[in-house]
Enquirer: 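This is the structure I want to talk about, given as structure tokens.
Just so we're on the same page: letters track the sequence lines, and every chain starts at 1.
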Amino acid sequence: MVSRPQQIRARLVALPSPTLAQADDATLARAASSGDPRATSVLWDRFSPLVRRMLRRTLGPTAEVETLVQEVFLRALRQLGALPDSAQLKPFVVSVTVRVLSAQLKRNRVRRLFRLRTPWHGADHVSSTEPGARTALAALYRILDGLDADARLAFTLRHFEGLQIAELASATDASLARAKRRLARANARVQAAVSRDAAFSAYAHAASLGDVP
Amino acid sequence: MTYGESDSPTLADVEAVVRENVSGHVDGDRHEQGKQRLLASLRHGRQSTARQVRRVVLLAVALGAVAGGGAYLWKQRAAARLSYDVAGGLLSDSGYVRSSGPSGARLSFSDGSRVDLQDGARARIAAVDAHGARLAIENGHAALSVAHLPGAAWYVDAGPFVIQVTGTQFDVDWSSYDDTLSVDLHEGSLVVSGPPAPTGVVLRAGQRLTAHEGRLSIEALELAVQAAEAPPALEPLPEPDPALADPLPLPSADPAAAAHF
């Protein structure tokens, strides 16, 4: 019996380019929009943590986030060609992420109406191993599930990502006044809900006393 | 920890619990897997786009070829004259047709139309195009069956008369000796024009038109046949039925002219 030699297939690997890794946003955007895989690689290294964090903090640490990260990058790379050279990449990536988030929040709301969404577990992507933190996060995201998509986005972008009101308005394509109203409405509802929630209150109280690791 | 100390949690507490516990960090392997997945999606997307472009181009070329071929065939067909042949008769280069035997001659056209010339009848094929032909009956009896096709246009000249046909079956008898025309229409309709009716008169199925000595009459074909078969001494010819005539509008609308022009 003669054994067949194992076939070796060549594979192109996009290695980070030292030049592109240090390039400014405009140069990187031009290179990526022209289809340079090294630029795509640098973009991923530079922005995927931000995108993933925004998705997790807005949706909750669920398994579908990685698919959405891919969707954000595919959309962003498609639209990069139309980006003016002077535009900064980070606000652009944030705005694309917000659009993907908005669509996903609306889908999730419909799924909840028909009870199609699986329950939130929060085991995979929570950095703390403390059970109290998991319980508090579960309670918090149940509360956020009660907000509509726009109010939830306004709340999470402002409080979890630290966007200023003007940035929030720009990222959500809303006027300043409308962004303020959405945020105020969301603040009031979340504040009232967490105050009533025993699990979250207990965790916050324990944390204030230094009783959580 | 930056949590407040009051019993009721604040929005700052909410911020703190999320910021401290939910990050965008993944380990190096997962980061690299995500990157490779993205690059693979982009490669696949470009290949799909190229395939789609190729398909669209091929489809456009195929559609263009089909449309061009169809247009060419249509044009060829539209431009092609009807062909014909003669059986039982003689056909000269000038289109003159004459029966060569007692059974008469048959002209068969490529669109399915037929013209049967009785023994002794003479005709001329004056013109043929893609939609029909123009025949001149010089003398004698001809039975025509014209295929009813879209755009069909046939004309039969008999002395000073012109019969316009679109698709029908009829017999024409023209006597050049006494300038008498007789048209028996079996199916469809046709228009006969001549000196007694310059603008034409419509003949319908089951009617006979007779023109003689400047007069034109239309009668029911059945009655006319019965009259022709009856002994002349015993039964007079029936009077033409004015109600059967269906003239085209004439400048001088005289009801009597509908039956006798």
Enquirer: Is it the backbone or the side chain of Leu50(A) that comes under 4.5 Å from a heavy atom of chain B, or both, or neither?
Expert: neither
Enquirer: Go through the atoms of Leu140(A) and report whether side chain, backbone, both or neither lie under 4.5 Å from a heavy atom of chain B.
Expert: side chain
Enquirer: Report the residues that fulfil side-chain contact (heavy atoms from CB on, under 4.5 Å) with Val57(B), sequence neighbours left out, ordered by chain and then residue number.
Expert: Val53(B), Val61(B)
Enquirer: Taking only residues two or more places apart in sequence, or in another chain, which ones meet Ala177(A) in a side-chain contact (heavy atoms from CB on, under 4.5 Å)?
Expert: Ser175(A), Arg181(A)
Enquirer: Cut-off 3.5 Å, side chains only: do His205(A) and Asp13(B) have a donor facing an acceptor?
Expert: no
Enquirer: Report yes if the distance between the aromatic ring centroids of Phe155(A) and Phe160(A) is under 6.0 Å, otherwise no.
Expert: yes
Enquirer: With a 4.5 angstrom heavy-atom cut-off, could you sort out which part of Asp197(A) is near chain B: side chain, backbone, both or neither?
Expert: neither
